[in-house]
There are 2 protein chains.
Amino acid sequence: MTLASLAAELGVSRTTVSNAYNRPDQLSPELRKRVLETARRLGYPGPDPVARSLRTRKAGAVGLLLTENLSYAFRDPAAIGVLEGLALACEDAGVGLHLVPASPGRDDVAAVHRAGVDGFVVYSVPDDDPHLGAVLARPVPTVIIDQPRIEGVDRVGPDDTTAVTALAEHIIQLGHRQVGVLCMRLARDRNDGFAYLDRQQSAHFHVQRARLEALAKAFAKVGVDWSTVPVVERFEHTVDDGAAAARHLLDAHPQVTALICTSDILALGALAEANRRGLRVPADLTVTGFDGIAEAERAGLTTVHQPVLEKGRAAGKLLLSSGDHVKPRIITLNTQLRIGTTSAPPRTMEQHWFGP
Amino acid sequence: MTLASLAAELGVSRTTVSNAYNRPDQLSPELRKRVLETARRLGYPGPDPVARSLRTRKAGAVGLLLTENLSYAFRDPAAIGVLEGLALACEDAGVGLHLVPASPGRDDVAAVHRAGVDGFVVYSVPDDDPHLGAVLARPVPTVIIDQPRIEGVDRVGPDDTTAVTALAEHIIQLGHRQVGVLCMRLARDRNDGFAYLDRQQSAHFHVQRARLEALAKAFAKVGVDWSTVPVVERFEHTVDDGAAAARHLLDAHPQVTALICTSDILALGALAEANRRGLRVPADLTVTGFDGIAEAERAGLTTVHQPVLEKGRAAGKLLLSSGDHVKPRIITLNTQLRIGTTSAPPRTMEQHWFGP
DNA sequence: TTGAAAGCGCTAACAA
DNA sequence: TTGTTAGCGCTTTCAA
């Protein structure tokens with residue numbers, strides 16, 4: 001059954017049948033009723049969506065590219081928040097959200113080519129991601145969330161530099177000079193261990209790079225040589241990995257008084273590890289995160305909150321309002337330093353205050 | 001730029017250009033290279049996915065219908081698990097996952113018609129959902145997760161009756177006879193309050209209905225008249241709503257010794273409310289859930305665990321392996337009663353044991 | 001290895 | 001109010 005065969009059956013033109021579905025005001029109610037009834041009787045399911053899309057040049061869906069194991073997207077509360085916000089924006093506009101199957105491993109870009117969508121949202125991928133390249137090659141609008149920064153492409157994200165600088169100043173003000181850092185993956189190759197300056201500076205994930213740079217700059221101001229600061233990178237982004245990274249760092253640098261983590265998930269792991277080694281937080285060790293996920297707030301983590309749901313929603317709105325703009329649009333989201341109960345002056349400072 | 005104009009530019013046929021993209025073995029490497037290079041130079045982005053889909057009759061995506069506020073899907077860990085499993089199955093098969101924008105309020109079924117997909121997964125909708133009707137009217141395979149049960153349609157889900165019966169027997173064996181129930185919405189209309197027998201029995205959500213029926217049957221066996229058992233329904237499915245529902249129930253029926261909740265989320269709310277009123281769990285009140293989400297296990301909740309990720313994945317696999325079967329396939333997932341620290345004999349029993 | 005021809009199923013000018 | 005005409009951009013027999 002097709003629209004044409006139904007029209008033939010009815011003895012009307014295809015236009016009439018099409019109008020019965022798409023422009024009810026273009027034909028008499030009786031005729032329309034007759035068309036619809038005959039369609040039901042004959043089992044015609046209505047106009048084929050793909051053929052309609054081809055004709056109207058509208059797919060009615062936006063693609064979401066997140067080059068990661070899907071498990072990541074559904075396990076990280078921050079990512080879920082972004083997804084939810086984006087889904088809400090799509091729902092408002094009545095368009096579908098098409099998750100592009102792009103595993104990080106297999107560089108199979110075909111899925112991007114195959115996606116019938118009117119635009120793409122790209123969420124936090126490395127700047128050398130081949131899927132990203134495929135997306136940008138498609139003649140549809142694109143909005144990038146967080147990273148990378150691409151000249152001429154719309155983007156939504158926080159100002160990582162400002163946010164992390166505020167956090168660093170808080171830690172510095174507390175008196176910490178012996179700090180360590182746990183960060184997420186810096187490139188597509190796996191490196192579960194220390195990340196030295198060259199790797200930090202050549203990181204393919206802009207967000208991580210910006211956060212590390214902001215930390216380096218802030219600590220340099222108070223005389224800390226960043227090349228001496230231990231930074232441990234972790235490929236996977238889970239609480240357990242955060243704990244393992246913390247262990248790795250503290251084993252090698254027990255003198256560290258503050259652990260700065262570039263995400264709450266890692267920080268929660270660090271808290272677990274501190275607990276495991278009998279370190280009291282914040283008395284013996286300060287731990288900070290980034291994102292402001294609910295679980296972190298419940299744990300009292302000192303962190304930088306960012307409005308993740310708003311981030312996804314803003315990206316969706318931006319994408320869906322494309323067309324009436326020329327210059328690329330950048331939306332910078334407000335972040336907020338939230339001082340919890342996991343940061344305090346280092347022990348040595350307390351000893352100063354209270355005497356030995 | 002289209003495939004045709006590129007072919008014209010190159011002085012070759014459209015077939016050749018098409019083959020350059022889709023069947024590299026059908027033309028000489030040199031010619032292919034020339035085609036691809038010219039394409040890049042002229043900014044031809046490759047075959048249009050929609051046109052290709054029309055021609056090949058393959059959209060390369062599966063639709064997901066969940067008639068709910070999207071916020072629900074992204075806030076309930078059980079739903080996220082299903083989503084993740086389904087996404088994994090899609091990723092394995094290299095097909096996209098198209099979230100259909102179907103708000104519960106607006107009965108706008110158009111989004112279902114517009115979705116260019118090769119099949120649908122329907123997750124837990126009421127049996128009278130109009131979107132579901134639209135899905136079933138489309139000539140593509142469909143798999144339903146959890147509910148409703150539709151004759152002739154593939155389905156994946158747990159055996160709620162067996163699972164809840166085991167749970168009920170546990171509670172009964174502990175000695176509880178004065179029980180109360182918190183359940184999720186029973187129909188599309190909002191009813192935040194008591195749900196009496198007629199509403200329970202006419203519930204449009206099969207899962208809730210089956211669970212209530214199983215409870216009724218199990219308690220009837222030990223002489224409890226189910227019509228005297230307070231059941232509080234809640235339209236929204238959040239921890240806060242669970243707490244409010246528990247308050248509602250306990251205010252009216254303080255003699256209740258066990259609160260049986262049809263989901264972990266509601267149960268977590270009930271725990272919070274018990275805590276608020278100074279009731280010790282399980283000494284003063286037994287609380288049970290359903291689902292086995294991580295947070296519940298962390299809280300030591302007595303619950304029925306179901307493999308949510310597996311549920312989503314199984315549904316995806318089923319859908320993607322359609323075609324080579326005739327009879328509808330039903331996959332029943334194993335559930336597991338997990339007795340935690342929130343269930344114990346009622347106080348009156350203890351008094352029996354230890355004397356007054 | 002390449003090309004010609006024939007649609008996939010639909011919508012939107014425009015004309016009647 | 002209805003019909004005619006002309007594609008949307010592509011793939012796929014089939015024949016050369």
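Proteins get letters first, then strands, A, B, ... in listed order; numbering begins at 1 in each.
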**OP:** Using modelled atom types only, decide if a donor and an acceptor are shared between the side chain of Arg185(A) and the backbone of Phe235(A) within a distance under 3.5 Å.
**Re:**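 A pair under 3.5 Å: yes.
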**OP:** Check every strand shown and say whether Leu27(A) touches a base, only sugar-phosphate, or nothing at a heavy-atom separation below 4.0 Å.
**Re:**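 It contacts sugar-phosphate atoms only.
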Original post:
What residues form a side-chain hydrogen bond (donor to acceptor under 3.5 Å, both in side chains) with Ser5(B), not counting sequence neighbours?
Top reply: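 By the side-chain hydrogen bond (donor to acceptor under 3.5 Å, both in side chains) rule, Ser5(B) matches no residue at all.
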Original post:
With Asn19(A), which residues qualify under side-chain hydrogen bond (donor to acceptor under 3.5 Å, both in side chains), at least two apart?
Top reply: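 For Asn19(A) there are no side-chain hydrogen bond (donor to acceptor under 3.5 Å, both in side chains) partners, ignoring immediate neighbours.
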Protein-nucleic acid N or O pairs under 3.5 Å, nucleotides 12-16 of chain C:
| residue | atom | partner | partner atom | Å |
| --- | --- | --- | --- | --- |
| dA12(C) | N6 | Thr15(A) | OG1 | 3.0 |

Original post:
Could you state the interatomic distance from CD1 (Ile144(A)) to CG (Leu132(A)), rounded to the nearest 0.5 Å?
Top reply: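 So the CD1 of Ile144(A) and the CG of Leu132(A) are separated by 5.5 Å.
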Subject >> Residue-level proximity of residues 31-50 of chain A to DNA chain D when a heavy atom falls under 4.0 Å >> reply: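 Of all residues in residues 31-50 of chain A, the ones placing a heavy atom under 4.0 Å from DNA chain D are Leu31(A).
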Original post:
Please, which pairs that meet side chain to side chain donor-acceptor pair (under 3.5 Å) have at least one residue in residues 129-153 of chain B, sequence neighbours excluded?
Top reply: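 For residues 129-153 of chain B: Thr67(B)-Asp129(B), Ser124(B)-Gln147(B), Asp146(B)-Lys311(B), Arg149(B)-His206(B).
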Subject >> Pairs satisfying side chain to side chain donor-acceptor pair (under 3.5 Å), at least one member in residues 45-55 of chain B, at least two apart >> reply: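 Found Arg57(A)-Asp48(B), Asn22(B)-Arg52(B).
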Original post:
Would a 4.5 Å heavy-atom cut-off, applied to side chains only, mark Leu88(B) and Leu309(B) as touching?
Top reply: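 Counting from C-beta outward, Leu88(B) and Leu309(B) do come under 4.5 Å.
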Between [X] and [N], is there a contact of a side-chain N or O with OP1 or OP2 at under 4.0 Å?
X        : N       : result
Arg52(A) : dT11(C) : yes
Thr2(A)  : dG9(C)  : no
Thr16(B) : dG3(C)  : yes

Distance-only donor-acceptor hits, side chain of residues 94-105 of chain B, under 3.5 Å, sequence neighbours excluded:
| residue | atom | partner | partner atom | Å |
| --- | --- | --- | --- | --- |
| Ser103(B) | OG | Arg106(B) | NE | 3.4 |
| Ser103(B) | OG | Arg106(B) | NH2 | 3.2 |

Subject >> Residue whose nearest DNA chain C nucleotide is more 5′ - Arg57(B) or Val12(B) >> reply: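 In this pair, the answer is Val12(B).
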**OP:** Report the end-to-end axis angle of the helix from dT1(C)-dA16(D) to dA16(C)-dT1(D); each axis comes from five terminal pairs, and the value is rounded to 10°.
**Re:**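 Taking five pairs per end, the axes differ by 30°.
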Got a list of side-chain donor-acceptor pairs under 3.5 Å for residues 23-35 of chain B, not counting sequence neighbours?
| residue | atom | partner | partner atom | Å |
| --- | --- | --- | --- | --- |
| Ser28(B) | OG | Leu31(B) | N | 3.3 |
| Arg32(B) | NE | Ala20(B) | O | 2.6 |
| Arg32(B) | NH2 | Ala20(B) | O | 3.2 |

Subject >> Verdict with supporting geometry, Leu6(A) and Thr2(A), side-chain contact (heavy atoms from CB on, under 4.5 Å) >> reply: CA-CA 6 Å; Leu6(A) 177 59; Thr2(A) 70; over 6 Å; no
**OP:** With a 4.0 angstrom cut-off to heavy atoms of chain B, pull out the first and last contacting nucleotide of DNA chain D, in 5'-to-3' order.
**Re:**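 Contacts span dG9(D) to dT12(D), reading 5' to 3'.
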**OP:** Determine the minimum heavy-atom distance between Tyr21(A) and Ala39(A), stating which atoms define it.
**Re:**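 The pair with the smallest heavy-atom distance is OH-CB, 3.2 Å.
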Could you list the donor-acceptor pairs under 3.5 angstrom formed between side-chain atoms of residues 108-120 of chain A and any protein atom two or more places apart in sequence or on another chain?
| residue | atom | partner | partner atom | Å |
| --- | --- | --- | --- | --- |
| Asp108(A) | OD1 | Ala110(A) | N | 3.1 |
| Asp118(A) | OD1 | Ala59(A) | N | 2.6 |
| Asp118(A) | OD2 | Ala59(A) | N | 3.2 |
| Asp118(A) | OD2 | Gly60(A) | N | 2.7 |

**OP:** Not counting sequence neighbours, list each pair that qualifies as a ring pair (Phe, Tyr, Trp, His ring centres under 6.0 Å) and has a residue in residues 49-75 of chain A.
**Re:**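 Every ring pair (Phe, Tyr, Trp, His ring centres under 6.0 Å) pair that includes a residue of residues 49-75 of chain A, provided the two are not neighbours, is Tyr72(A)-His237(A).
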